Amino acid sequence: MKFVDEAEIRVEAGDGGNGIVSFRREKFVAKGGPNGGDGGDGGDVYLMADTNLNTLVDYQFEKYHQAERGQNGMSTNCTGKRGDDMILRVPVGTRAVDIDTAEVIGDLTKNGQKLMIAKGGWHGLGNARFTSSTNRAPRKKTNGTPGEVRNIRLELLLLADVGLLGLPNAGKSTLIRAVSSAKPKVADYPFTTLVPNLGVVRVESHRSFVIADIPGLIEGAAEGAGLGIQFLKHLERCRLLLHVVDVLPADGSDPAENAVTILKELDKYSDKLANKPRWLVFNKLDLVLEDELEEVIERVTKAINWEGPVHSIAAASRTNTERLAADILNYIELLPVEKPREQIEDAVNFKWDDYHQDVLAVADDLDEDDDFDEDDYDVEVIYKR
Ligand SMILES: Nc1nc2c(ncn2[C@@H]2O[C@H](COP(=O)(O)OP(=O)(O)OP(=O)(O)O)[C@@H](O)[C@H]2O)c(=O)[nH]1
């Protein structure tokens, strides 16, 4: 299944219906008072978030969407019918961007949320509106205005609390496997991760977070090198970034230089991303001795001027990963609530099977008797012993 996270569409709201010129027919009078009705407003085009959808693939094929035109006015002062709105269903997490102005029109973050992306035209006025004092029947009327026409890019952003950043092979996929039950491909060659993986880390029945792994970044990613840039936007909504650093890269590269590369890409991409809360996570501690690890940590933190939190783990053997998950949860729960709880629930309920989402119940107090129905989620639930 191809991962589709972007589609470009053209939307046209309905034109407003025209007002008309019409006259009452009265006995012995050829033309009575004006009674031409107003037109109806044109229909609007909306996006509506729907948790049952998880890709934008349909919009890659159907690119043109039009709302109904308002009906023209009618005689006997009847107003034309308003045009029907066009409602386009999109996955929760979709952002709409006006391609021509680069304006972000809005984000759909909650099931059922609606966002207008093209406004219908105003109705024209019928001649009944223009009754004149001179007793002369006016022939005046106005036409409806055109509906808005826009070229829109739909971008599907993952709704994750925590995002993983790192060079290819740093061990991000292994980490997401270690803390959630998502099963991304793991291999010791770069770019195993071609699509973002999303894992739900459930620490207790009502305490969970969503973690996203994006393909490894390489130098020049912010300008389009490798696969990184197209996925960086997925991290925009994360509340915490984990920068995963391989302490002993198999290609012989220097962990400190590698860390600098990642931060440069982050800086180049956007201030917003660069200023997000970030933790440094040293991975593969099993490959080095304790004092070597300390030396690497010191060199890396110095190279990037780092004074923030530092964790060291071995994702493959799950060393320190459970503690990392617990620390993450405690931390993000303390952050100001940027998104309501149900939004996280939306992400959990969201059928991310195409993105390898699984749900892991890590809680000791969560067992088979819990009201956690796998069928509802279309995911695999693993209960921890
Ligand atoms: N020794 C050791 N190897 C690890 C550890 N974590 C991951 N690896 C290995 O490192 C290699 C890369 O791991 P991945 O998890 O695929 O790396 P990634 O960062 O997701 O890579 P991309 O998907 O290409 O971005 C694999 O061979 C893993 O088995 C660890 O803690 N210790």
Side-chain angles (χ1 to χ4, degrees), residues 3 5 158 160 162-199 201 210-222 224-235 238 240-255 257-266 269 273 278-290 292-294 296-297 300 310-325 328 352 354-358 360:
F3 175 71
D5 67 349
L158 302 183
V162 178
L164 299 180
L165 266 181
L167 289 184
N169 264 342
K172 302 180 303 304
S173 304
T174 311
L175 174 57
I176 209 168
R177 274 168 72 108
V179 292
S180 77
S181 72
K183 292 186 193 58
K185 270 192 222 150
V186 173
D188 57 358
Y189 52 86
F191 300 127
T192 329
T193 308
L194 297 173
V195 300
N197 293 303
L198 200 74
V201 183
V210 180
I211 187 165
D213 173 24
I214 61 161
L217 289 181
I218 58 167
E219 194 164 358
L227 295 164
I229 178 112
Q230 64 197 105
F231 298 108
L232 271 172
K233 65 171 178 287
H234 291 304
L235 299 183
C238 293
L240 172 66
L241 299 179
L242 300 184
H243 176 179
V244 183
V245 178
D246 185 341
V247 296
L248 193 66
D251 63 3
S253 58
D254 175 22
E257 279 174 22
N258 292 347
V260 170
T261 301
I262 292 293
L263 292 196
K264 273 194 190 151
E265 294 309 320
L266 210 55
Y269 181 73
L273 219 52
R278 187 167 68 231
W279 291 1
L280 208 48
V281 177
F282 290 91
N283 185 32
K284 311 193 188 178
L285 64 79
D286 55 296
L287 296 180
V288 291
L289 298 169
E290 216 174 304
E292 286 173 329
L293 176 66
E294 272 171 29
V296 171
I297 293 178
V300 172
V310 170
H311 287 258
S312 8
I313 60 165
S317 56
R318 303 194 172 188
T319 310
N320 297 345
T321 52
E322 210 162 316
R323 213 178 74 200
L324 176 64
I328 290 171
W352 282 104
D354 292 329
Y355 308 147
H356 319 279
Q357 183 204 352
D358 291 329
L360 173 65

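Ligands are counted one by one from 1 in listed order, and the atoms in each one are counted from 1 as well. If you're wondering where the values come from, they're calculated on a predicted model, not measured in any experiment. These numbers come from the heavy atoms of this one structure, side chains and all, not from hydrogens, waters or symmetry mates.
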Worksheet item: Where on Asn283 is there a heavy atom closer than 4.0 Å to ligand 1, on the side chain, on the backbone, on both, or on neither?
Response: side chain

Practice prompt. Report yes if some heavy atom in the side chain of Leu266 is under 4.5 Å from a heavy atom in the side chain of Leu165; otherwise report no.
Written response: yes

Discussion item. Within this structure, what is the CD1-CZ distance for the pair Ile313 and Arg323, rounded to the nearest 0.5 Å?
Written reply: 11.5 Å

Fill in: Euclidean distance, Asp251 CG relative to Asp246 CG, rounded to 0.5 Å
8.0 Å

Item to complete: Answer yes or no: does an N/O atom from Ser317 fall short of 3.5 Å to an N/O atom of ligand 1?
Response: no

Item to complete: Output yes when the distance from some N or O of ligand 1 to some N or O of Ala315 is under 3.5 Å, and no in every other case.
Response: yes

Item to complete: Write down the atom of Ala314, the atom of Thr321, and the distance for their closest heavy-atom approach.
Response: O-CG2, 4.3 Å

Worksheet item: Side chains of Lys172 and Ile176: closer than 4.5 Å at any heavy-atom pair?
Response: no

Response to the item:
Looking only at non-hydrogen atoms, the one of Ala250, Ala314, Ser173 nearest atom 20 (O) of ligand 1 is Ser173

Worksheet item: Under 4.0 Å from any heavy atom of Leu287, which atoms of ligand 1 are there?
Response: 1 (N)

Worksheet entry | Any N/O pair Gly171/ligand 1 closer than 3.5 Å | yes

Worksheet item: Less than 4.5 Å apart, any side-chain heavy atom of Glu292 and any of Val247?
Response: no

Worksheet item: Has Gly166 got any heavy atom lying under 4.0 angstrom from an atom of ligand 1?
Response: no

Discussion item. Heavy atoms only: which of Lys284, Arg177, Lys172 lies closest to atom 9 (C) of ligand 1?
Written reply: Lys284

Worksheet item: Would one find an N or O of Ala170, backbone or side chain, under 3.5 Å from an N or O of ligand 1?
Response: yes

Fill in: Subset of ligand 1 atoms that lie under 4.0 Å from at least one heavy atom of Asp286
1 (N), 2 (C), 30 (C), 31 (O), 32 (N)

Worksheet entry | Side chain Asn283, main chain Ala315, donor-acceptor under 3.5 Å | yes

